[in-house]
Amino acid sequence: MTHLSDDPAEEQWLDDEAGRIVRPYVMTRGRTEPSRGKIDLITLVVTTKSVSPAEPGLGPEHHTIVRLCERPLSVAEIAAHLDLPAGTIRVLLGDLADRGVVAIQEPARETDALDLETYKAVLNGLRTL
Amino acid sequence: MDSVRSEGEAARVKLPTAIKILIAGGFGAGKTTMVGSVSETRPLRTEELLTDRGSGVDDLSGVEEKKTTTVAMDFGRISIGDAHVLYLFGTPGQERFWFVWDELALGAMGAVVIADTRRLADCFPSVDYFERRGTPFIVAVNCFEGARRYDVEEIRMALDLGPATPVVLCDAREKESSKNVLVTLVEHAMRTRAPAQEPVG
Ligand SMILES: Nc1nc2c(ncn2[C@@H]2O[C@H](COP(=O)(O)OP(=O)(O)OP(=O)(O)O)[C@@H](O)[C@H]2O)c(=O)[nH]1
Ligand SMILES: [Mg+2]
C-alpha cells in the first residue's frame, strides 16, 4: 500500500485502533509538512473568504477549520477542537492558505524578545481580569 | 472586528499578537488547575508529535537514534483587548525529552514553576532548565492543605534561587491568586528583558 487515492471511501478499511494514527495521514494524503513555512502552536489563523463545499481537494476537516476560524484561533485551539494532532492541522492549514481561504499570522519570532509596549499591554489586561 | 471576506481585503487582516507563557512543575503540582482557574475557558488539550533534531545518541547502546514522542499539553486562553491573546501552556512532565521543552520555550514570554511543598525536589528540573535557557521565570508555591508551611525565603534557599527570581505563595484553584502569579511573572520578564531592547520612541 504505497498509493493513497483521494477517494474518501478508502477510509473504510481502517479499523478503530488504527484510526487515530492513519486517518490524519489519509486526510493529508501522506504529507507531513505544510506547504508553508513554520507554523507553531500559537500561530493565529483567521478565515478570509468563504469556500464552496465542493471545492476540489478539500475535505470535511478543512471546512470545519474555515468555520472555526471566523474569529482568530491558534493552531493549538484548532487542533483541540478537531481532536487531531497539531502536525495534521499544519498541513490542512497549508492547503487552505494556498487557496487564499485563511490568513496565517507571520511565522513565529526567532527570538523570545518582545517590545515594552507588549509587556505593558499584557500587564494591564491581566490586572483588569 | 471588521469582516474580511473578499480576497482583496485578506492582505489587510490584522491579527492579534499571540503570547505564550509556560506553566511548569512536577507531577500533580497544580499546572492544569492554574491554567483552568485563570483562563477564559476550561483547559483544552492538544497533542504534538515531536522529533529530536539534535544528535540523539542512545545512552545505553551508543547508537544514533532519532527520538520521537507524542506530548499532550493542556492550555488555556486569555484575550487581552483586540490586540493581544495570551496562551498558557501546562508543560508535560517528561524531563527525559528536553527537546520538547526547547520547542515549547521558544518564543515564550516567561514561565511559572509551580512548587508543591510536599515534594519540593520535583520542581528542580524545571528551575534548572529555565535558568540555563535564560527564560524569565518565577516560582509559585502552591499551598496544599496539610503540607508544611514554608516561608518564601526558605523556598528560595531550598531551590538555590538568585535574589532576582520572585517567589510567591499561591492557591492554583483561585483565579485571583493565579492572576497575581501571572502579573508577577510579566513584571519580572519586563524587568529582565525589556531594558536589553532597542530604546523605545
Ligand atoms: N489544596 C489544593 N489542591 C490543589 C491546588 N492546586 C491543585 N490542587 C489539586 O491537586 C490535584 C492535581 O492538580 P493538577 O492541576 O491536575 O496538577 P498537574 O500539575 O496538572 O498534574 P499533572 O498534569 O498530572 O502533572 C488536583 O486534584 C487539584 O484539584 C491548590 O492550590 N490547593
Ligand atoms: Mg496536568
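Throughout, a chain's letter reflects where its sequence line sits, starting with A, and its residues are numbered from 1. Note that the structure is a prediction, hence the values are computed from the model and not measured. Side chains are part of it too, since the values below use all heavy atoms of this structure and drop only hydrogens, waters and symmetry mates.
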Query raised in the report: Going through the checks in order, is the side-chain contact (heavy atoms from CB on, under 4.5 Å) test met by B:Y150 and B:L169?
Result: CA-CA 9 Å; B:Y150 288 80; B:L169 303 179; over 6 Å; no
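Both the backbone and the side chain of B:L182 come within contact range of chain A, each with at least one heavy atom under 4.5 Å from a heavy atom of that chain. Only the side chain of B:V85 comes within contact range of chain A, with at least one heavy atom under 4.5 Å from a heavy atom of that chain.
Taking each heavy atom of B:V35 and B:G76 in turn, the nearest pair found is CG1-N, 3.4 Å.
Taking 4.5 Å as the heavy-atom cut-off, none of the residues of residues 156-164 of chain B approach chain A.
At a cut-off of 3.5 Å, with distance as the only test, no side-chain donor of B:S177 or B:N180 sits close to an acceptor on the other residue.
Other residues, nucleotides and ligands contribute more than 12 heavy atoms inside 6.0 Å of the CZ atom of B:R132.
Remark: B:R193 fails to qualify as a cation-pi partner of A:Y119 under the 6.0 Å distance and 45° angle criteria applied to the six-membered ring.
The OG1 atom of B:T17 sits 11.5 Å away from atom CG of B:L86, with the distance rounded to the nearest 0.5 Å.
Distance alone, capped at 3.5 Å, places no donor-acceptor pair between the B:K179 side chain and the B:E174 backbone.
Interface remark: of the candidates A:G125, A:A86, A:A79, A:A121, A:A86 forms the most heavy-atom pairs closer than 4.5 Å to chain B.
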